[in-house]
Colleague: 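Here's a structure for you.
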Protein chains: 2
Amino acid sequence: MTLGQKIRELREQSGMFQRELASKLEIGDGFLSKVENNQKTLKREHLIKISELFNCSLSELEALWIGTKLYEIIKDEQEALNALKVAEQEIKYRKQYDIL
Amino acid sequence: MTLGQKIRELREQSGMFQRELASKLEIGDGFLSKVENNQKTLKREHLIKISELFNCSLSELEALWIGTKLYEIIKDEQEALNALKVAEQEIKYRKQYDIL
DNA sequence: TTTAGACTTGACTTATTTAGGTCAAATGTA
DNA sequence: TACATTTGACCTAAATAAGTCAAGTCTAAA
């Protein structure tokens with residue numbers, strides 16, 4: 001699940017058109033279309049608005065936002081999965097020793 | 001293990017000083033110092049040179065190079081691990097359906 | 001079959017960030 | 001002291017962010 005998919009899902013579940021949601025987010029509808037198709041990214045502040053509008057978890061949206069960004073970076077990489085492991089181990093390592 | 005750590009390890013194992021390796025990579029030694037401390041990133045082409053110099057796996061270096069970059073993006077994120085999961089699932093999903 | 005509305009796409013823009021450094025001064029250390 | 005390393009300030013070119021807008025496509029219904 002990408003952020004674009006999630007936003008489309010939320011929007012359609014609430015019976016909203018792109019033009020409506022776009023206007024609430026104060027962006028053009030062409031831009032929102034691209035966001036839903038993961039061709040463009042929203043500003044992070046927009047996630048707050050979305051979580052309020054659809055009453056859904058902001059953390060989840062943020063995980064999708066960052067995750068989709070990471071995916072864009074590695075999607076054509078041979079070493080994609082190993083790179084993810086490297087990053088994961090560093091995160092866990094830092095957590096373990098509580099490094100600030 | 002980050003790319004910086006790996007490079008330092010390889011360099012020290014071969015008894016080389018920063019100034020020497022830096023010169024072989026055609027960069028300044030101050031810059032290499034920062035690379036080893038993950039404050040700066042090498043160009044990708046440099047990895048090839050390093051793998052030749054120390055006779056080590058290029059894929060491994062690339063995984064570390066990308067992985068360290070991913071880590072830099074998420075290291076201060078609350079949702080770091082979940083974001084990694086999102087990216088991982090997308091990679092695996094795409095693999096499963098062999099999407100080009 | 002044409003037309004309206006929803007959506008997608010391509011070309012373009014501008015401002016900000018990032019990449020990839022340099023250099024000199026400060027620090028560590030034998 | 002001399003050498004290895006680190007750090008801070010600075011720099012430029014290239015890339016990315018975050019859009020706009022108009023034209024094109026798709027689909028249902030009149």
Side-chain angles (χ1 to χ4, degrees), chain A residues 2-50 53 61-62 64-77 83 87 99-100, chain B residues 2-50 53 61-62 64-77 83 87 99-100:
Chain A
T2 62
L3 181 60
Q5 281 165 26
K6 180 71 181 179
I7 291 175
R8 170 159 289 164
E9 188 179 296
L10 290 166
R11 178 178 62 79
E12 290 183 339
Q13 268 168 22
S14 82
M16 215 182 273
F17 295 122
Q18 280 182 352
R19 98 171 21 260
E20 297 173 67
L21 177 53
S23 130
K24 292 190 198 227
L25 297 175
E26 301 179 273
I27 55 177
D29 49 344
F31 187 64
L32 179 56
S33 168
K34 287 175 190 164
V35 167
E36 292 190 354
N37 292 295
N38 297 308
Q39 291 159 29
K40 294 283 177 175
T41 52
L42 282 177
K43 281 198 274 192
R44 204 152 179 177
E45 305 92 87
H46 281 135
L47 300 182
I48 299 170
K49 191 91 194 185
I50 292 175
L53 279 173
L61 294 178
E62 291 193 316
L64 287 169
W65 188 85
I66 307 164
T68 302
K69 179 195 275 196
L70 298 181
Y71 173 71
E72 287 301 316
I73 293 173
I74 59 176
K75 67 176 183 218
D76 299 320
E77 295 288 351
I99 297 161
L100 187 65
Chain B
T2 62
L3 181 60
Q5 281 164 27
K6 181 71 183 179
I7 291 175
R8 169 158 290 162
E9 188 179 297
L10 290 167
R11 177 177 63 78
E12 290 183 339
Q13 267 168 23
S14 82
M16 214 182 273
F17 295 123
Q18 280 182 354
R19 117 176 358 270
E20 296 173 67
L21 178 53
S23 131
K24 293 191 197 227
L25 296 176
E26 302 179 272
I27 55 177
D29 50 342
F31 187 63
L32 179 56
S33 169
K34 287 175 193 166
V35 167
E36 291 189 355
N37 292 295
N38 296 308
Q39 290 159 28
K40 294 284 177 174
T41 51
L42 282 176
K43 280 199 274 193
R44 204 152 180 177
E45 304 91 88
H46 281 136
L47 300 182
I48 299 169
K49 190 92 194 182
I50 292 174
L53 279 173
L61 294 177
E62 291 194 316
L64 287 169
W65 187 85
I66 308 163
T68 302
K69 178 195 276 198
L70 299 181
Y71 174 71
E72 287 302 316
I73 293 173
I74 60 175
K75 67 178 183 216
D76 298 321
E77 295 288 351
I99 295 161
L100 187 67

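By convention in this document, chain letters (A, B, ...) are assigned in the order of the sequence lines, proteins followed by strands, and residues within each chain are numbered from 1.
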Colleague: Could you check how far CZ of B:Phe31 sits from C1' of C:dA24, rounded to whole Å?
Modeller: 17 Å
Colleague: What is the distance from CG of B:Leu32 to P of C:dT22, rounded to the nearest Å?
Modeller: 11 Å
Colleague: If only side-chain N and O atoms of B:Ser33 are considered, is one of them under 4.0 Å from the OP1 or OP2 phosphate oxygen of D:dT5?
Modeller: no
Colleague: Which ones in residues 10-19 of chain B lie close to DNA chain D, meaning a heavy atom under 4.0 Å from one of its atoms?
Modeller: B:Arg11, B:Phe17, B:Gln18, B:Arg19
Colleague: May I have the distance from A:Ile7 (atom CD1) to C:dT8 (atom P), rounded to whole angstrom?
Modeller: 13 Å
Colleague: Please compare A:Lys43 and B:Glu36 by the position of their nearest nucleotide in DNA chain D and report the one closer to 5'.
Modeller: B:Glu36
Colleague: After noting the C-alpha distance and the side-chain angles of A:Glu36 and A:Gln5, does the key distance pass the side-chain hydrogen bond (donor to acceptor under 3.5 Å, both in side chains) rule?
Modeller: CA-CA 6 Å; A:Glu36 292 190 354; A:Gln5 281 165 26; over 6 Å; no
Colleague: When you measure from the side chain of B:Ile27, which nucleotide among D:dT5, D:dA9, C:dG21 comes out closest?
Modeller: C:dG21
Colleague: I'd like to know if B:Glu62 and B:Arg44 make a salt bridge, using a cut-off of under 4.0 Å between side-chain N and carboxylate O.
Modeller: yes
Colleague: Of all the nucleotides listed (C:dG20, C:dT9, D:dT20), which has the minimum atom distance to the side chain of A:Gln39?
Modeller: C:dT9
Colleague: Is the base of C:dT22 touched by the side chain of B:Lys34 through a donor-acceptor pair closer than 3.5 angstrom?
Modeller: yes
Colleague: If I take atom NZ in residue B:Lys69 and atom C1' in nucleotide D:dA15, what distance separates them, rounded to the nearest angstrom?
Modeller: 11 Å
Colleague: Would you find more than 12 non-hydrogen atoms of other residues, nucleotides or ligands less than 6.0 Å from B:Arg8 atom CZ?
Modeller: yes
Colleague: With heavy-atom distances below 4.5 Å as the criterion, would you say the side chains of A:Ile7 and A:Leu42 are in contact?
Modeller: yes
Colleague: Taking any heavy-atom pair under 4.0 Å as a contact, classify A:Arg8: base, sugar-phosphate, or nothing.
Modeller: sugar-phosphate
Colleague: Could you check how far NZ of A:Lys40 sits from P of C:dC12, rounded to whole Å?
Modeller: 14 Å
Colleague: Name the one of A:Thr68, A:Asn38, A:Asn37 that satisfies side-chain hydrogen bond (donor to acceptor under 3.5 Å, both in side chains) with A:Thr2?
Modeller: A:Asn38
Colleague: Would you say that B:Val35 contacts B:Thr41 through its side chain, given a criterion of any heavy-atom pair below 4.5 Å between the two side chains?
Modeller: no
Colleague: Rounded off to whole Å, could you give me the CG-to-P distance for the A:Leu42 and D:dT16 pair?
Modeller: 19 Å
Colleague: In this structure, how many angstroms lie between the P atom of C:dG5 and the CG atom of A:Asp29, rounded?
Modeller: 13 Å
Colleague: Is there a side-chain contact between A:Leu53 and A:Lys24 in this structure, where contact means two heavy atoms from C-beta onward sitting under 4.5 Å apart?
Modeller: yes
Colleague: Output the rounded distance in Å from CG (B:Asn38) to C1' (D:dT7).
Modeller: 15 Å
